[in-house]
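The structure under discussion appears below in the form of structure tokens.
All chains are named by letter (A, B, ...) in the order of the sequence lines, taking the proteins before the strands, and each is independently numbered beginning at 1.
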Amino acid sequence: MAQAAQIQPTPSAGAANALVRVENVVKHFPAGLGTSVKAVDGVSFEIREGETLGLVGESGCGKSTLARLVTQLIPVTSGHVFLGDVELTRMHGEKLRQQRRQLQMIFQDPFASLDPRMTVGDIIAEPLDNFGVLRGRKRNERVQELLRLVGLNPNFNNRYPHEFSGGQRQRIGIARALALNPKLVVCDEAISALDVSIQAQIVNLLEDLQQKLKLTYLFIAHDLSVVRHISDRVMVMYLGKIVEIADSVGTYSSPKHPYTKALLSAIPVPDPKIQRGRRLVELSGEIPSPINPPSGCRFHTRCPIAHLPTPCADNEPPLEEKVRDHLAACHYSQDV
Amino acid sequence: MATATTTAQVSEAEILPEQQTLWSDAWRRLKRNRLALVATIYLVFLIVVALVALVYTPYRMSAVGIAPTYAPPSAAHWFGADSIGRDVLSRLMVGAQVSLIVGVGTQLLVIAVGVPIGLLAGYYRGWLDSVLTFIINVFYGIPDLLVAMIMVFLLGPSLTNIIVAIVVTRWMDMARLMRGQTMSLREREFIEAARASGAKPARILFGHIFPNALGPIIVQATFGVPAAILFEAFLSFLGVGVQPPTPSWGSMASDGISALEYAPHIVLVPSIALSLTLLAFNFLGDGLRDALDPRQKR
Amino acid sequence: MATPILQVRDLRTQFMTDGGIVTAVDGVSFDLHQGESLGIVGESGSGKSVTALSLLRLVPDPGRVVGGKVLFKNQDLLQLTDDEIREVRGRDISMIFQDPQSSLNPVLRTGFQIDEAMLAHGRPKAEAHARTVDLLKQVRIPAAESRVKDFPHQLSGGMRQRAMIAMGLSNAPQILIADEPTTALDVTVQAQILELLGDLNRELGAAVIMITHNMGVVAGLCTRVIVMYAGQIVEQGTVEQIFANPQHPYTWSLLRSMPRVDAVRHERLRSIEGIAPDLLHPPAGCRFHPRCPFRIEKCYTDEPVLEEHGPDNLAACWVTMDRARKEMGADDLVDIRPGAGSGVHKGQVK
């Protein structure tokens with residue numbers, strides 16, 4: 001296997017099967033006095049089989065809520081989530097639980113996402129136990145196999161999570177997510193809490209596992225450079241809406257939404273010669289409240305190229321294909 | 001295969017700290033607390049005494065007139081004799097059984113009642129929580145001594161009924177604690193992780209939330225033991241507790257109260273035993289709280 | 001070059017823990033010059049933050065500065081009385097922290113807290129109050145006149161950090177120490193704060209010490225860089241040299257372990273294998289050797305010292321990347337396991 005791994009050319013829409021389809025999903029949380037936080041507000045996209053779909057956005061944009069809607073850990077306010085041909089949003093209780101075999105999740109905080117009172121072996125075997133798939137010696141063998149798979153010593157299964165470092169704990173979380181051979185793994189800020197050198201270990205591990213096990217990832221992070229590195233396609237969210245979806249090369253080289261451009265310009269490049277020459281696209285003002293989002297395009301209050309008042313403050317731009325396989329929600333995407 | 005080697009070999013070089021379970025860690029911290037350690041030793045001694053009393057007491061605890069009435073402590077009767085000439089030490093030993101059974105028994109039942117109610121209220125919230133919280137508040141509202149006396153009066157004064165009466169009036173603290181614990185634990189990421197990996201509600205409640213709340217539960221129960229012992233002693237002192245001839249520290253003290261002036265040992269001996277036991281459980285509770293939850297330590 | 005305004009010599013800070021003594025900062029020496037911007041980079045546990053706290057004797061219990069000198073204006077800050085060091089803090093040297101949320105008192109108005117910082121150093125009240133508004137304008141808080149009356153929770157994270165910077169600048173300090181000031185912030189806000197810090201550094205001439213784990217932050221803001229690992233400085237140099245030609249394998253690996261947003265093609269990240277050492281039992285010899293691809297026999301036993309390896313460059317390494325490139329084929333190395341480049345695989349190291 002070649003070491004310097006390869007950008008896999010993104011298959012165009014239709015060519016690859018959609019593993020997950022999200023249609024017009026809305027999630028509003030009640031915020032008292034009849035108001036609601038519009039955390040996710042009408043979002044549609046698909047996750048193709050075998051790809052890594054990246055999701056970036058700043059805090060409060062709704063990306064973590066979206067992760068929990070895709071995995072149906074919280075119910076939608078409206079809209080549909082399909083896993084293959086099965087509509088998850090129509091399922092409850094035991095039926096939905098059975099679908100969890102296919103969708104697993106890796107969490108942000110490696111210190112909070114493992115039950116401190118359980119041994120590593122029991123943590124990793126929890127999905128197996130939940131579905132009663134393997135018992136006794138077979139179960140323990142599977143645990144050891146998983147530990148080996150994520151690069152941990154298979155004899156660590158009797159230890160407790162607090163004995164491990166952050167990176168090791170995240171490996172335990174990954175092993176747990178893989179126990180049932182899921183199709184989709186949602187990584188919610190799975191590396192954000194780790195040190196730089198450890199981040200690289202985990203990113204490489206996730207890439208290796210994807211190749212080996214033919215996994216599909218929804219990879220959520222606030223760090224665009226990591227998301228871009230690991231993803232085939234990148235989706236950018238702002239204030240509960242998706243503003244852009246494109247392959248990771250296209251997102252960087254020719255962003256079609258001014259927010260994506262601002263986000264890219266804000267990420268420091270570890271090279272003084274380049275970094276000093278870069279120009280920051282400064283966004284005016286603060287991120288508006290998701291309780292009362294701006295009219296029209298939600299970004300218009302901070303957008304450097306907005307045409308005000310119309311159309312940007314009046315009409316909401318649809319998320320549409322600007323070039324082949326490159327979607328953006330902007331009235332003036334040609335000016336970005 | 002290059003990729004496999006990079007992932008597989010990481011572990012080997014990594015040196016982990018010495019293996020320590022959370023419980024052994026807590027025990028280490030508890031041992032460092034002098035008062036808690038002394039209390040533990042005293043309580044172990046008390047348990048041994050109570051067990052020994054099952055098979056051996058210096059005299060038969062109900063034997064009347066084996067010593068002169070009101071006899072002060074002597075070599076033959078270390079703690080003297082009571083108003084009808086019974087050996088106080090023998091009765092104290094049997095009384096320890098009563099106290100421990102009442103203390104520990106009530107708390108086990110309190111856990112059995114309070115924990116599930118608290119778990120359900122805290123995890124499901126909504127209307128179930130409202131109903132259960134309402135019930136808890138109603139029970140807080142009723143006067144415990146009155147209810148206990150009425151219950152014992154109606155059911156008859158047996159040890160079992162006294163324990164039931166104490167549980168009925170004392171389960172709410174545990175339920176309330178468990179509800180609070182559950183509410184904070186259910187927001188923790190590992191609970192969400194358990195749900196994401198397909199855990200059923202029962203497993204989340206009893207497999208994840210309960211074990212993680214075990215520390216506070218144990219602490220609460222440890223503080224509940226002396227309260228229950230005291231309650232039983234008080235009921236027995238009033239005469240509605242454990243019935244003769246079974247001695248309880250409360251009824252022993254009650255028996256001696258009329259002779260307090262000329263035979264104070266009859267009151268003092270069970271009272272001191274009672275006080276020491278209450279103190280020991282409280283010190284142990286304090287020590288456990290610090291040991292099980294190091295974050296709270298100063 | 002003129003005399004440095006801050007000279008740190010052999011600084012040592014220890015923490016007395018249950019398990020034993022942890023030397024979090026172990027013999028750190030560096031100079032800070034007038035008006036320069038110095039970056040101190042490292043991962044968690046490298047000792048970068050404790051170094052910053054040690055300079056002002058702000059190390060929390062159970063930590064203690066146990067040795068070394070911090071020379072500022074010909075006086076050793078470590079020898080001052082508590083009252084004297086309090087005078088220095090906030091007036092000559094001020095510090096801003098990672099979490100502006102917990103650095104501001106939630107029940108006091110933001111403006112009042114900035115006033116206080118000046119009143120504490122003897123500025124008259126009216127003057128302090130007027131300056132607070134100017135400061136808030138200087139850190140580009142819009143509607144500064146009304147914002148002074150806001151409580152901290154009414155400000156966004158970025159605004160709070162700006163307010164903290166305003167407080168830090170209130171007494172026109174000569175040195176501003178920023179401890180991970182942007183880690184808790186979103187990238188677009190981070191970029192603005194960094195730009196602000198850069199401008200203030202240029203305009204006010206205050207020297208800035210930037211503590212961060214983010215190499216990108218250093219690249220944009222700093223002129224000189226110190227790289228720390230396991231409580232020690234492993235490399236020190238100009239920002240150009242550190243990024244273009246790092247000499248310590250740790251620096252070199254760290255730079256290659258980060259994905260770059262401007263990467264042209266997908267290259268596998270070069271992770272640093274293993275985990276950071278346990279400072280209770282630091283490895284013998286070079287502390288990086290258990291994770292180093294280029295270690296040699298000497299690294300297991302002998303501790304390297306910071307030595308000059310070129311103009312403006314100090315590195316603590318027996319091998320250095322120049323040699324690793326020439327003799328160990330570092331640039332073409334695919335295997336990233338410890339010892340891979342040198343061929344020294346001495347098994348496990350205690």
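- Per-residue heavy-atom pair counts under 4.5 Å with chain C were compared for Ser225(A), Ser265(A), Ser253(A), and the maximum is reached by Ser225(A).
- Annotation: maximal heavy-atom pairing with chain C below 4.5 Å, among Ser59(A), Pro272(A), Pro268(A), occurs at Pro272(A).
- With Asp195(A) contributing its side chain and Ser44(C) its backbone, the two residues share a donor-acceptor pair below 3.5 Å.
- Taking each heavy atom of His229(A) and Pro259(C) in turn, the nearest pair found is CB-CB, 3.5 Å.
- Only the side chain of Ile274(A) comes within contact range of chain C, with heavy atoms under 4.5 Å apart.
- Interface remark: Gln190(C) contributes side-chain atoms only to the contact with chain A (heavy atom separation under 4.5 Å).
- Considering every non-hydrogen atom in both Ile275(C) and Ser165(A), the closest pair reads CG2-OG, 3.5 Å.
- Ranking Leu224(A), Val281(A), Leu283(A), Val227(A) against chain C, the residue ahead of the rest is Leu283(A), based on heavy-atom pairs under 4.5 Å.
- Here the CG-CD1 distance, from Asp262(C) to Ile267(A), works out to 10.0 Å after rounding to the nearest 0.5 Å.
- The nearest pair of heavy atoms linking Thr188(C) to Ala266(A) is CA-CB, 3.8 Å.
- Per-residue heavy-atom pair counts under 4.5 Å with chain A were compared for Ser156(C), Gly198(C), Pro142(C), Ser253(C), and the maximum is reached by Ser156(C).
- When the candidates Gly45(C), Ala191(C), Gly158(C) are compared by the number of heavy-atom contacts under 4.5 Å with chain A, Ala191(C) comes out ahead.
- Annotation: side chain of Asp271(A) is in contact with side chain of Arg260(C) (closest heavy-atom distance under 4.5 Å).
- In this structure, the portion of Val203(A) lying under 4.5 Å from any heavy atom of chain C is its side chain and not its backbone.
- Contact annotation for Leu185(C): neither backbone nor side-chain heavy atoms come within less than 4.5 Å of a heavy atom of chain A.
- Between His213(C) and Val196(A), the shortest heavy-atom contact is O-CG2, 3.8 Å.
- The line from CG of Leu269(C) to CD1 of Ile202(A) is 12.0 Å long, rounded to the nearest 0.5 Å.
- By number of non-hydrogen pairs under 4.5 angstrom with chain C, the leading residue of Leu263(A), Leu264(A), Leu280(A) is Leu280(A).
- In this structure, the side chains of Arg268(C) and Asp208(A) come closer than 4.5 Å at one or more pairs of heavy atoms.
- A 4.5 Å side-chain heavy-atom check between Glu43(C) and Ser197(A) finds at least one atom pair inside the cut-off.
- Residue Arg256(C) does not touch chain A at all, counting heavy-atom pairs closer than 4.5 Å.
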- Message: Checking Met258(C) against Asp223(A) for the side chain to side chain contact (heavy atoms under 4.5 Å, CB included) test, could you report, in this order, the C-alpha distance in whole Å, the side-chain angles of both residues, the deciding distance, and whether it holds?
- Response: CA-CA 11 Å; Met258(C) 288 180 294; Asp223(A) 183 343; over 6 Å; no
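- Counting all heavy atoms, side chain and backbone alike, Arg228(A) lies closest to Val261(C) at NH1-O, 3.0 Å.
- The two atoms that bring Gly274(C) and Gln201(A) nearest to each other are O-NE2, 2.9 Å, heavy atoms only.
- Of the atoms belonging to Gln199(A), not a single heavy atom falls under 4.5 Å from chain C.
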